[in-house]
There are 2 protein chains.
Amino acid sequence: MTDHERLSGFLQDHGIQPSAQRVAIARFVLHTDRHPTADEVLAEVRRDFPMVSRATVYNTIRLFMEKGLLRIHQLEGGVAVCDANTARHHHFIDEDTGEIVDVPWDAVDVGRLDELAGLSVDSWMVVMRGRRRREPPSRD
Amino acid sequence: MTDHERLSGFLQDHGIQPSAQRVAIARFVLHTDRHPTADEVLAEVRRDFPMVSRATVYNTIRLFMEKGLLRIHQLEGGVAVCDANTARHHHFIDEDTGEIVDVPWDAVDVGRLDELAGLSVDSWMVVMRGRRRREPPSRD
DNA sequence: TTCCAGTTTTAGACATATTCTAAAATCAAA
DNA sequence: TTTGATTTTAGAATATGTCTAAAACTGGAA
């Protein structure tokens, strides 16, 4: 079973009619943790599929979001980014590079959210800002 | 001492040369908790000061931010909003109305942020989504 | 006061991100 | 096949925000 067939089946299982463009877009956007913008998705998909249009990328990203395959976040600089990690998690933004990093749900303790007078909280996320630590020089 | 004089002095104290436009913008944007967008600031300021230009509003909001009088957040729908609450706090977004509500820093417990491998966290904020609770009918 | 240099404001051009539109291409089912 | 619905497309339209260059204004020096 080819990669293409597997992805086609996956899209169908989520109520999405597969097409060559949708599979090409899914192949990238559903398997990256780089939080790409729509234009980054377009650029990446065009490497293998040069004829895909910008409108199709926007349409497909929205379709994937409506079907629950990804989320769209507005965290930085007026640009929407795709996040194929649909499990609950937090986000860290590197203020030097703009890079967005997923932070596991259990890595942070959040408490007392139910006691907010007048607000009924359905979901939440911690947005952290800072800098990625330089890796200590490896010793191999 | 007029309101205008008081605001002029406040701006000067923060290294900002006062002007009629800057005072008019400050009067609104530094005293609201409505998290207005730039265009909402423009509309509001024009009610009293019809000649103010869009460019001046954008310039002034940026100036106020650089001088630490407000922050700019991108929380929803690709629009930047002004937040004159410069103390640490969290945000609640009403998913029905888009309304943004400040949540006091101490109303939420957040812990264990320092233990994130490879990430040096300088600041953080909890972003909550849900619905404002309907006020129970008052009994007066 | 009047002048001047620096600052502020302005309209409109530009840039960027996203959505819309209407026509062409493609597809699935009969 | 044909057909009718779906998908894709280029480009127009919209929205938010920045830039530019000229005009207006300001505070101090003369």
Side-chain angles (χ1 to χ4, degrees), chain A residues 4-5 7-9 11-12 14-26 29 35-46 48-67 69-82 98 100, chain B residues 4-5 7-9 11-12 14-27 29 35-46 48-67 69-83 98 100:
Chain A
H4 183 101
E5 286 164 347
L7 265 168
S8 281
L11 294 182
Q12 259 169 328
H14 288 82
I16 295 167
Q17 178 65 34
S19 70
Q21 288 89 334
R22 288 174 177 176
V23 169
I25 292 167
V29 82
H35 301 86
T37 66
D39 270 5
E40 286 165 355
V41 174
L42 179 66
E44 189 68 29
V45 170
R46 276 189 172 161
D48 291 327
F49 201 145
M51 295 314 296
V52 77
S53 77
R54 180 184 311 273
T56 295
V57 168
Y58 275 97
N59 290 341
T60 303
I61 287 171
R62 182 157 24 151
L63 177 67
F64 286 179
M65 182 193 57
E66 285 163 3
K67 298 297 184 179
L69 301 187
L70 56 76
R71 301 208 184 160
I72 295 177
H73 301 298
Q74 308 264 347
L75 295 169
E76 274 291 287
V79 200
V81 300
C82 303
I100 298 169
Chain B
H4 184 99
E5 286 164 347
L7 266 168
S8 281
L11 294 182
Q12 260 169 329
H14 288 81
I16 295 168
Q17 178 65 33
S19 70
Q21 288 91 333
R22 287 173 178 176
V23 169
I25 293 167
R27 173 143 49 221
V29 82
H35 301 85
T37 65
D39 272 2
E40 286 165 356
V41 173
L42 179 66
E44 190 67 30
V45 170
R46 276 190 173 162
D48 291 326
F49 201 145
M51 296 314 297
V52 76
S53 76
R54 179 186 310 274
T56 295
V57 168
Y58 275 96
N59 290 342
T60 302
I61 288 172
R62 182 156 25 150
L63 178 65
F64 287 178
M65 182 193 57
E66 285 163 3
K67 298 298 184 180
L69 301 187
L70 56 75
R71 300 206 184 162
I72 295 177
H73 301 298
Q74 307 264 348
L75 294 170
E76 273 293 286
V79 199
V81 300
C82 302
D83 186 349
I100 298 169

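Naming: A, B, ... by sequence-line order, numbering from 1 per chain. Since we're looking at a predicted model, the values are computed, not measured.
- Whole-Å rounding puts the Glu66(A) CD to dT19(C) C1' distance at 13 Å.
- Counting only residues at least two apart or on different chains, the salt bridge (charged side-chain N to carboxylate O under 4.0 Å, His left out) pairs with a member in residues 49-64 of chain B are Asp39(B)-Arg54(B).
- For Arg27(B), the side chain to side chain donor-acceptor pair (under 3.5 Å) partners two or more places apart in sequence, or in a different chain, are Asp3(B).
- Atom CD1 of Ile61(A) is separated from atom C1' of dC20(C) by 17 Å (rounded to the nearest Å).
- Rounded to whole Å, the distance from CG on Leu42(A) to P on dT16(C) is 15 Å.
- For Glu76(A), the side chain to side chain donor-acceptor pair (under 3.5 Å) partners are Arg129(A), not counting sequence neighbours.
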- Note on the structure: Heavy-atom contacts, protein to nucleotides 3-19 of chain D, under 4.0 Å, summarised as B (base), S (sugar-phosphate only) or - (none) per nt, yield ----SSBB-----SBBB

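- Residues passing the ring pair (Phe, Tyr, Trp, His ring centres under 6.0 Å) test with His4(B), sequence neighbours excluded: none.
- Glu44(A) is linked by a side chain to side chain donor-acceptor pair (under 3.5 Å) to Arg47(A), counting only residues two or more places apart in sequence or in another chain.
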